[in-house]
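As a basis for the values below, the full set of heavy atoms in this structure was taken, side chains included, without hydrogen atoms, waters or symmetry mates. Reminder, nothing fancy here: chain letters follow the sequence lines and each chain counts from 1.
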Amino acid sequence: MAAAEKWTRTDGCGALRPANCGRTVTLMGWVQRRRDHGGLIFIDMRDRSGVVQVVFNPDAGDAFAVAESLRNEYVIAVKGTVTRRLEGMENPDLATGEIEVVAEELRVLNPSRTPPFPIYTGGPLKEVDETLRLRYRYLDMRRPEMQRNIILRHRAAKATRDFFDREGFIEVETPMLTRSTPEGARDFLVPSRVHPGEFFALPQSPQLFKQLLMVGGLERYFQLARCFRDEDLRADRQPEFTQIDVEMSFIDREDIIDTTERLMQAVFADTIGVEVTPPFPRLSYREAMARFGSDKPDIRFGLELVDVTEVFRDCQFKIFARTVASGGTIQGLNAPKGASFTRRELDELVEVAGTYGAKGLVWIVFEDGGIRSPIAKFLSETEIDALKTRLQVKMGDLVLLVADERQAALEILGQVRLFLGRKLDLIPKDKFSFLWVVDFPLFEWDEEEKRFVSVHHPFTSPLDEDLALLDTEPALARSKSYDLVLNGYELGGGSIRIHRREIQERIFKALGLTEAEAQDKFGFLLEAFEYGAPPHGGIALGFDRMVMLLAGQGSIRECIAFPKTQRATCPLTGAPGSVSPRQLEELSIRVAALPSGPEKPDAEG
RNA sequence: GGAGCCGUGGUGUAGUCGGUUAACACGCCGGCCUGUCAAGCCGGAGAUCGCGGGUUCAAGUCCCGUCGGUUCCGCCA
């Protein structure tokens with residue numbers, strides 16, 4: 001049998017237009033849908049570029065016969081003529097709807113089993129179980145929404161690289177097999193075969209390497225860096241993720257902020273055509289907490305918190321009075337028109353506050369006859385008037401109060417604020433509200449370890465004016481760090497680094513690290529700093545989160561080709577899995593007895 | 001480690017106060033059909049309700065446990 005004539009694809013399905021009429025084209029793609037009229041067969045044919053209607057007439061001979069056997073997701077090649085559709089037969093819902101391809105020849109390149117879930121319904125989109133989608137991600141990916149997200153991710157990466165290239169940055173790859181470091185997240189470990197009993201760690205970030213690159217004189221570094229953190233997952237957290245990692249020499253905070261703002265401007269313009277305009281607003285950490293109860297406030301809506309501690313200093317309500325007396329605060333929030341809340345909805349608010357550790361949440365409804373509240377009988381006219389003034393209460397408003405230690409009260413009410421923002425539909429979609437949060441504390445107290453730990457990381461420079469506090473009151477010292485926040489998501493953060501040995505040693509001391517420990521863990525960096533480290537600083541931005549927000553998605557899994565489930569497994573490959581005894585032996589590893597349980601089901605069931 | 005929600009043919013859902021033949025749409029298979037585009041019409045196959053235990057005359061439904069998914073807290077920049 002003679003070898004079949006070789007066909008070369010000439011066009012993308014979605015690219016064909018009336019201007020192409022009369023041309024003979026060769027298309028290759030998937031069968032999205034077949035409409036068989038007996039004497040006439042329509043195939044919606046799909047490739048990455050889009051969809052086009054292919055018509056098979058009975059006079060097409062073999063092609064017509066084969067077309068009768070086509071099923072969804074068959075891979076086919078079609079030779080035919082681009083033809084303007086008959087008058088009145090155009091489909092305005094299709095980019096190619098003015099034309100169709102009249103088929104002359106058809107080849108089935110590969111048949112397909114019936115997909116386990118619909119790839120195209122034609123109707124309203126129905127959510128398919130995510131595990132099923134992930135197990136058959138290669139099918140899920142054929143859906144236009146997923147293709148859009150993946151392509152958007154590519155565009156964002158391209159825009160990022162283009163931007164940094166224009167700005168004179170050098171992309172440098174840093175090791176994936178590196179050294180475990182203390183501080184920060186739990187490491188993923190990789191056993192060394194050559195060095196029995198020793199382990200590499202996958203990088204939580206290229207932090208130390210990028211600083212070494214500065215010592216190395218690269219001056220401007222960036223990388224789309226893969227990072228690994230063995231911590232529990234969230235909708236916006238994966239065990240492996242990508243960050244836009246940046247470091248610059250001979251700069252100060254303003255240079256990093258300016259560069260990052262212009263990066264955002266470029267990426268948003270190049271990907272979704274949205275104009276964002278620097279400079280972005282800035283809040284100090286303290287102000288962000290005070291007004292929004294969060295270090296990553298969503299400032300797309302108001303509903304700000306107000307400190308009403310003084311109103312209740314001599315309050316008859318014992319819990320409030322006691323909280324104030326013991327140095328705590330009362331934080332308040334006015335939910336306009338919240339008086340219409342049902343008792344059930346009010347209880348729900350109390351419950352929400354409870355999940356964030358609130359001991360209670362007091363609500364006060366302001367209505368015509370006066371106020372309604374579980375603590376109404378304890379409140380004096382003076383106190384109510386003061387509340388009205390402080391919170392600018394109007395008739396029909398709902399005031400929510402949390403009494404606790406300042407930080408706790410703010411955080412709880414900040415969460416209640418977010419909940420209310422969603423519930424009252426106060427959050428404008430399609431809005432991108434960037435914000436810098438600056439002047440973070442340098443340290444925070446770790447109750448478990450009974451010592452200070454770095455809020456950012458141990459190489460973060462203190463504010464010059466707070467240097468003296470390092471040795472006297474570390475808790476009050478602030479750092480030259482900055483977080484970029486977008487719509488309530490922490491997009492990234494960075495800092496100006498310490499490049500002088502003397503300050504670095506004082507930091508280690510405040511962290512409770514001995515000279516020996518510091519040498520053991522970071523000796524190579526400290527040594528490098530002795531060879532002429534330039535002043536430097538940088539930032540790292542969550543690339544997955546950024547793409548998620550660009551795509552308008554609620555989970556970064558929608559923007560990652562092959563993400564993991566919340567329990568850090570991959571339904572497609574079955575990872576993680578067991579390995580052979582031989583592999584373990586080579587690595588000098590013995591697995592401790594596992595709690596016996598049912599074997600996990602195979603990937604193919 | 002903890003809390004909430006979800007789990008019913010291939011997919012998405014319904015299933016009331018526990019009541020005996022588990023419903024609907026899409027998909028799938030077969031037939032008819034020359035202008036559809038969520039094609040149409042006719043016929044058919046397909047689920048013992050995630051799993052285990054318990055309560056009951058009777059469990060998809062109630063209870064306990066467990067597994068998986070998801071959201072959140074803790075954890076994590």
Answer yes or no as to whether rA39(B) has its base stacked against His37(A), where stacking requires a ring-centre separation under 5.5 angstrom and planes under 30 degrees apart. yes
Please work out if Gln53(A) contacts a base, only the sugar-phosphate, or nothing of the nucleic acid, heavy-atom cut-off 4.0 Å. base
Less than 4.0 Å between a side-chain N and a carboxylate O, is that true for Arg422(A) and Asp425(A)? no
Span that lies between the C1' atom of rC33(B) and that of rG69(B), in whole angstrom: 44 Å
Using a strict 4.0 Å threshold on nitrogen-to-oxygen distance, state whether Arg34(A) and Glu68(A) make a salt bridge. no
Kindly say if Arg113(A) contacts the phosphate of rC28(B), meaning a side-chain N or O under 4.0 Å from OP1 or OP2. no
Have Gln223(A) and Tyr221(A) got a donor and an acceptor in their side chains that come within less than 3.5 Å? yes
Once you apply a heavy-atom cut-off of 4.0 Å, does Arg229(A) come out as touching a base, just sugar-phosphate, or nothing? sugar-phosphate
Near RNA chain B, under 4.0 Å by heavy atom, which residues of residues 558-567 of chain A? Thr565(A), Gln566(A), Arg567(A)
Which nucleotide sits closest to the side chain of Asp232(A): rG74(B), rG35(B), rC76(B)? rG74(B)
Pick base, sugar-phosphate or nothing for Gln243(A), based on heavy-atom distances below 4.0 Å to the nucleic acid. nothing
Between the side chains of Glu558(A) and Arg133(A), is the shortest nitrogen-to-carboxylate-oxygen separation below 4.0 Å, so that they form an ion pair? yes
Write down the distance separating the C1' atoms in rU11(B) and rG27(B), rounded off to the nearest Å. 7 Å
Sequence neighbours excluded, the answer for side chain to side chain donor-acceptor pair (under 3.5 Å) partners of Thr259(A) is none
Face-to-face stacking of Phe117(A) with rU11(B), centres under 5.5 angstrom, angle under 30°: no
Say we look at rC17(B) and rC6(B): how far apart would their P atoms be, to the nearest angstrom? 15 Å
On RNA chain B, check which nucleotide each of Gly554(A) and Asp36(A) is closest to and give me the residue with the more 5' one. Asp36(A)
Please determine if a side-chain N or O atom of Arg557(A) lies less than 4.0 Å away from the OP1 or OP2 oxygen of rU71(B). yes
Both conditions, 6.0 Å and 45 degrees, for the charged tip of Lys210(A) above the ring of Phe222(A): are they met here? no
Touch class at under 4.0 angstrom, heavy-atom based, for Gln238(A) against every strand present: nothing
Are Glu90(A) and Arg85(A) close enough for a salt bridge, meaning some N to O gap below 4.0 Å? no
Expressed in whole Å, how much space separates the P atoms belonging to rG68(B) and rC28(B)? 33 Å
Mate of rA23(B) where both pairing distances stay under 3.5 Å, Watson-Crick or G-U: rU13(B)
Using only heavy-atom distances, decide whether a donor-acceptor pair under 3.5 angstrom links the side-chain of Arg237(A) to the base of rC76(B). yes
With heavy atoms under 4.0 Å as the rule, sort His456(A) into base, sugar-phosphate or nothing. base
I need the residues from residues 54-71 of chain A with at least one non-hydrogen atom less than 4.0 Å from RNA chain B; give them sorted by number, or say none. Pro58(A), Arg71(A)
Give me the atom names and distance for the closest heavy-atom approach of Arg557(A) to Pro563(A). O-CG, 3.6 Å
Would you check if there is a donor-acceptor pair between the side chains of Thr96(A) and Gln53(A) at a distance under 3.5 Å? no
I want to check one thing: is the phosphate of rU36(B), taken as OP1 and OP2, less than 4.0 Å away from some side-chain N or O of Arg85(A)? no
If you compare every side-chain N and O of Gln204(A) against the phosphate oxygens of rA77(B) (OP1, OP2), does one of them come in below 4.0 Å? yes
Identify whether any heavy atom of Leu132(A) sits under 4.0 Å from a base atom; if not, whether one sits that close to sugar-phosphate; answer base, sugar-phosphate or nothing. sugar-phosphate
Looking only at atom P, what distance separates rA14(B) and rA25(B), rounded to whole Å? 16 Å
Does Arg417(A) make a cation-pi contact with Phe301(A) (under 6.0 Å, within 45 degrees of the axis)? yes
rA39(B) phosphate, OP1 or OP2: any side-chain N/O from Arg35(A) under 4.0 angstrom? yes
Do the side chains of Glu240(A) and Arg229(A) get close enough for a salt bridge, i.e. N-O under 4.0 angstrom? no
OP1 or OP2 of rG69(B) less than 4.0 angstrom from a side-chain nitrogen or oxygen of Thr569(A), does that happen here? yes
Within the 4.0 Å heavy-atom criterion, would you say Glu411(A) contacts the bases, only the backbone, or no part of the nucleic acid? nothing
Counting just side-chain N and O atoms, does Arg234(A) come under 4.0 Å of either OP1 or OP2 of rC73(B)? yes
Between Met89(A) and Pro115(A), which has a closest nucleotide on RNA chain B that is more 5'? Pro115(A)
